[in-house]
Structure formats: structure tokens, C-alpha cells
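Report on the structure given below.
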Amino acid sequence: MKYTNRNKAILLLADGTIFYGKSIGIEGTVFGEVCFNTGMTGYQEIFTDPSYFGQIMVASNAHIGNYGTNEEEVEADKIMISGLVCKNFSFNHSRVNSTEGLKQYFEEQNLVAISDVDTRALVSYIRENGAMNAAICTEECDIEALKTRLAAVPDMKGLELSSKVSTTEPYFVGNPEAKYKISALDLGIKKNILRNMAKRDCYIKVFPYDATYDELKGFNPDGYFLSNGPGDPDPLLVAQETARQILDKNEPVFGICLGHQVLALANGIPTYKMFNGHRGINHPVKNLLTGEGEITSQNHGFAVNREALEKHPDFEITHVHVNDGTVAGMRMKNKNCFSVQYHPEASPGPHDASYLFDQFITNIEKGKHSN
């Protein structure tokens, strides 16, 4: 293999800490909130997940790029992360059904990445000091000037990002002759969520993040879905009002991640920014309704306030995160509504959580029979 000399590069954290590495060959400077994902596979799905918009991803797996990319394995039409930090970047890849190498994939979308970073030390640092804004610089950098630019980057708390990733026009997914019709509010929806609904005989109309209840109702759906997405749920006032009106009519509704948080806010239950968040494909969740455990894929930096949820007379907690006791799922006692803070569509090996899509269909059927 021919040796290639690569330029030095840095990761600058908001507290002034610097981690050194090398550029993979795409020059530039990018900003975002630094976070880490503990998944050992699925890097392309992570890079294209709209929920990661505005974030610099640190991969805890020591090797990234070794199996290339496949055009079918995306959660959106483009890369969503702001930049990548990894230990070893594989310029050569090996997989029978790969479409292209990861570097070529990054070059096509001008994604700045830095490798040869001590990611074990970096992940430990983030764990101890919390998620914070950061900058990747793979070109000639004036550190003091970069610190000034980084200081001007807005904090993730209070930041509305769904408008950056949502569709601008409604579109359809699935078979128009399907048994069920779903109105989906796109706060940053993943393609695989839509695939899971379509294969359960659903025809889905996907609406922009700021669509009103009347617009969603115009499709005459059997149920409503509130999607995942990036940023703070608190500024999504239109989505919260849309959720309230769906609930007022007691129509079937299912929320995932950001949609889960929007449903809480619509009922006066606050959310908060987590110290680090949950990002990985092996997070343990306990289903309080069945007593069973689930291995889940998670990606969120905000969560529903458990104390406030427990005090709300109309809600019950259905799932909890085993590691820290945070709310992983909830349902309403008096409405046809449930939601989870993880990704049942991701199926990172286990399919422990795929039943949630079946539960949504069951709730739709119950709604039909009750009308």
C-alpha cells in the first residue's frame, strides 16, 4: 500500500481542550455539538440520521470505513452530521455489496473528518465533562481565531433544527391501496421508520415539520405519527399544538424520540438537555408492562422529565432505561397515544422493539372499533 502523508488536524472543544489528529484529505473547518456513538456497526446509518444534524460525531469503534458504503443503507438523502472524529479511517474497504468507499462518499458531500485521534481519551473526556460545542479544523488554523468563532456557535439547548432537515413539501410512501393511512409529521424522519410502516400495510403521507392538524387531518388518516429529529423540542410550538389537537380528538398517535418529547410538552410535561445523551445500539430498556428487557438503538440528547411525568394523572411510564432510570416510553391512560425514546426501526441485530409498530396498528384497529 502506498503511504500518503496527511495533514495535521485538530478538534477544539468549547472549554479550550484540543485533541490532535490527521485530516482524511478533505480540507475545511466545521462546528457542532460533539457527541459519541458506541455502535460497532452501522456508521452510514448514523451519518445520515437527521437526528444528528448539527453534531460532530465521535465514533468509539476503532475502525471506520472498512466496509465502505451502500446507497441503500441511508436514513436520509444526504449526510447529516457536521463532521466525523475517529481513530482509524479505512481508505480501503471490503464488502461484496458496497457501492463506494467512505472517503469518496465524504468527498461527494464535502464532509470534513479527522482520524488518528485518541478516541478512547476523547470519549472519556466527554463522559466526564458533558456534550459541548466543538470545531474540527483540517486546514491551517489560528487557534485563537477558531476559539472566537466557536464561542459564537449557538448551544444545542433552545435550538430548533427540525426546519433544517424536514421535507418542504408533503410526499407519499407505500402502496396507495394499503389498508391503513398514516399522516406523519416529519421532524427529521428516518427512512427505515417509513419502511417499517409501509410493510405493515400502511400508506403514509409525510408532512413538513410545521404542518397543522387540519393539514394532517386532510389526508383522512387512520393514525398519526410524530417522528424523530434533531435539536431541542421546546421551540417546536406548532408541532406541540398539532399534537394537542390530535389528542383532543383522541385519534391514534405514535411518537418516536423527538416526537415522544413533543407529546410530553403538549401535555405540560417538561423536557431537559441531558449531560451526555444516549447514542448507541445496545442500550438496555425495561418494559414495565411486560417485565421484559429490550436491547435498543438510541440517539437523543434531550429527555422527558420523569418526576413531572409520574405526577401527571393521565400518563404512565411504560419503559425505563436500565442504566440511568430515564424515561424510555410512556402512554396516556385516557387517549390512544403512546411513544418511546428509542428507535424500534433501527434493529441493530436484535429486533426486540419492532413490536411497537405492531402496537401502533393494534391501536389504530381499536380506534376504528371505538368510533
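Sequence positions, counted from 1, serve as the residue numbers for this chain. For clarity, every value in this text was computed on a predicted model and none was experimentally measured.
- Looking at R6 and S115, their side chains do bring a donor and an acceptor atom within 3.5 Å of each other.
- Among all heavy-atom pairs drawn from S51 and N299, the shortest one is CB-ND2, 3.1 Å.
- N363 places a side-chain heavy atom less than 4.5 Å from the side chain of Q359.
- Remark: the backbone N or O of I56 is not paired with any side-chain donor or acceptor of S82 at under 3.5 angstrom.
- Rounding to the nearest 0.5 Å places CG of L226 at 11.0 Å from CG of N228.
- Of the candidates F357, F254, Y355, F254 is the only one forming a ring-ring contact (aromatic ring centres under 6.0 Å, His included) with F338.
- Around atom CG of D142, more than 12 heavy atoms belonging to other residues, nucleotides or ligands sit under 6.0 Å away.
- Distance alone, capped at 3.5 Å, places no donor-acceptor pair between the D201 side chain and the A178 backbone.
- Dense packing is recorded around CZ of R195, with more than 12 heavy atoms of other residues, nucleotides or ligands lying under 6.0 Å away.
- Remark: side-chain polar atoms of T69 are not paired, donor with acceptor, to backbone N or O of L102 under 3.5 angstrom.
- Environment of NZ in K217: crowded, with over 12 heavy atoms of neighbouring residues, nucleotides or ligands closer than 6.0 Å.
- Remark: the backbone N or O of S94 is not paired with any side-chain donor or acceptor of S98 at under 3.5 angstrom.
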- [ ] Tell me, with the steps shown, if E27 and N7 meet side chain to side chain contact (heavy atoms under 4.5 Å, CB included).
- [x] CA-CA 9 Å; E27 304 309 308; N7 293 339; 3.7 Å; yes

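- Distance CG/N276 to CE/M132: 9.0 Å, rounded to 0.5 Å.
- By the 4.5 Å heavy-atom criterion applied to side chains, L263 and M332 are not counted as neighbours.
- A salt bridge does not link K205 to E215: none of the charged nitrogens lies less than 4.0 Å from a carboxylate oxygen.
- Geometrically, K8 does not engage Y20 in a cation-pi contact, judged by NZ or CZ lying under 6.0 Å from the ring centre and within 45° of the ring axis.
- A donor and an acceptor atom, one from each side chain of D15 and T17, are located under 3.5 Å apart.
- N287 contributes no side-chain N or O that, together with a main-chain N or O of E294, makes up a donor-acceptor pair within less than 3.5 Å.
- In this structure, a donor-acceptor pair under 3.5 Å is present between the side chains of T296 and Q298.
- Side-chain contact between F225 and I193 is present, with heavy atoms from C-beta onward closer than 4.5 Å.
- M80 is not listed as a side-chain neighbour of D49, based on a closest heavy-atom distance of 4.5 Å or more.
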TODO: For side chain to side chain contact (heavy atoms under 4.5 Å, CB included), just list the numbers for F89 and K22, CA-CA rounded to whole Å, side-chain angles, deciding distance to a tenth of an Å, and then say yes or no.
DONE: CA-CA 10 Å; F89 187 90; K22 294 180 180 180; over 6 Å; no

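- Taken together through direct or relayed side-chain contacts under 4.5 Å among Ile, Leu, Val, Met, Phe, Trp and Tyr, V253 and I269 form part of one hydrophobic cluster.
- Heavy atoms from other residues, nucleotides or ligands lying under 6.0 Å from NZ of K164 number 12 at most.
- Looking at heavy atoms from C-beta onward, Y272 lies in side-chain contact with T326 at the 4.5 angstrom threshold.
- Two residues are said to be in side-chain contact when any heavy atoms from C-beta on lie closer than 4.5 Å; F19 and I114 fail this criterion.
- Within the 3.5 Å criterion, the main-chain N or O of G21 finds no donor-acceptor partner in the side chain of D116.
- Although no hydrogens or angles enter the test, the distance criterion places no donor-acceptor pair under 3.5 Å between the side chain of E75 and the main chain of P50.
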Open item on the list: Does M40 form a side chain to side chain contact (heavy atoms under 4.5 Å, CB included) with S60? I'd like the steps, not just the answer.
Closed with: CA-CA 8 Å; M40 294 293 101; S60 62; 3.9 Å; yes

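- Here the closest heavy-atom approach between residue A113 and residue T138 is recorded as O-CG2, 3.9 Å.
- With contacts defined as side-chain heavy-atom distances shorter than 4.5 Å, the pair V34/V85 does not qualify.
- Defined by atom type and a distance below 3.5 Å, a donor-acceptor pair is missing between the side-chain atoms of H278 and N323.
- Donor-acceptor pairing under 3.5 Å is recorded for the side chains of Y52 and N37.
- With R306 contributing its side chain and A303 its backbone, the two residues share no donor-acceptor pair below 3.5 Å.
- Listed for the D232 side chain is a donor-acceptor partner under 3.5 Å among the backbone atoms of G158.
- Between the side chains of E365 and Y180, at least one donor-acceptor pair of N or O atoms lies under 3.5 Å.
- For E316, the salt bridge (charged side-chain N to carboxylate O under 4.0 Å, His left out) partners two or more places apart in sequence, or in a different chain, are R331.
- V320 and I256 fall into different hydrophobic clusters, where Ile, Leu, Val, Met, Phe, Trp and Tyr side chains are chained together by heavy-atom contacts under 4.5 Å.
- Few gaps surround CZ on R95; more than 12 heavy atoms of other groups in view lie less than 6.0 Å from it.
- Atoms CG and CZ, on L12 and F31 in that order, are 8.5 Å from each other to the nearest 0.5 Å.
- The ring-ring contact (aromatic ring centres under 6.0 Å, His included) search around Y209 returns none, not counting sequence neighbours.
- Among Q261, H300, E160, the single residue meeting the side chain to side chain contact (heavy atoms under 4.5 Å, CB included) criterion with P233 is Q261.
- Heavy atoms of other residues, nucleotides or ligands lying less than 6.0 angstrom from NZ of K311 number 12 at most.
- From L150, atom CG reaches atom CG of N133 across 6.0 Å, with rounding to the nearest 0.5 Å.
- Across K181 and F219, no two heavy atoms sit closer than the pair NZ-O, 2.8 Å.
- Judged by distance alone, the side chain of T318 and the main-chain N or O of G329 form a donor-acceptor pair under 3.5 Å.
- The two residues D234 and L237 have their closest heavy-atom pair at O-CD2, 3.6 Å.
- For the residue pair T167/D186, the side-chain donor-acceptor check at 3.5 Å is not satisfied.
- You'll find the side chain of Y171 reaches within 4.5 Å of the side chain of L194, heavy atoms only.
- L288 and M330 fall within the same hydrophobic cluster, where Ile, Leu, Val, Met, Phe, Trp and Tyr residues are linked whenever their side-chain heavy atoms come under 4.5 Å apart, directly or through other members.
- Between the side chains of E73 and Y67, not a single donor N or O lies within less than 3.5 Å of an accepting N or O.
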- [ ] Apply side chain to side chain contact (heavy atoms under 4.5 Å, CB included) to H260 and V327, showing your working.
- [x] CA-CA 10 Å; H260 160 84; V327 176; 4.1 Å; yes

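- Taking all atoms of both residues into account, the shortest heavy-atom contact from M197 to I204 is CB-CD1, 3.9 Å.
- For C137, the disulfide (SG to SG under 2.5 Å) test picks out C141, with sequence neighbours left out.
- There is no path of hydrophobic side-chain contacts, each under 4.5 Å, that joins F36 to M274.
- Taking the six-membered ring for Trp, Y203 and F172 have ring centres closer than 6.0 Å.
- Using modelled atom types and a 3.5 Å distance limit, the side chains of D314 and N267 yield no donor-acceptor pair.
- V165 and L258 are members of different hydrophobic clusters when ILVMFWY side chains are connected at heavy-atom separations under 4.5 Å.
- A pairwise comparison of heavy atoms in L187 and S162 identifies O-OG, 2.8 Å as the closest pair.
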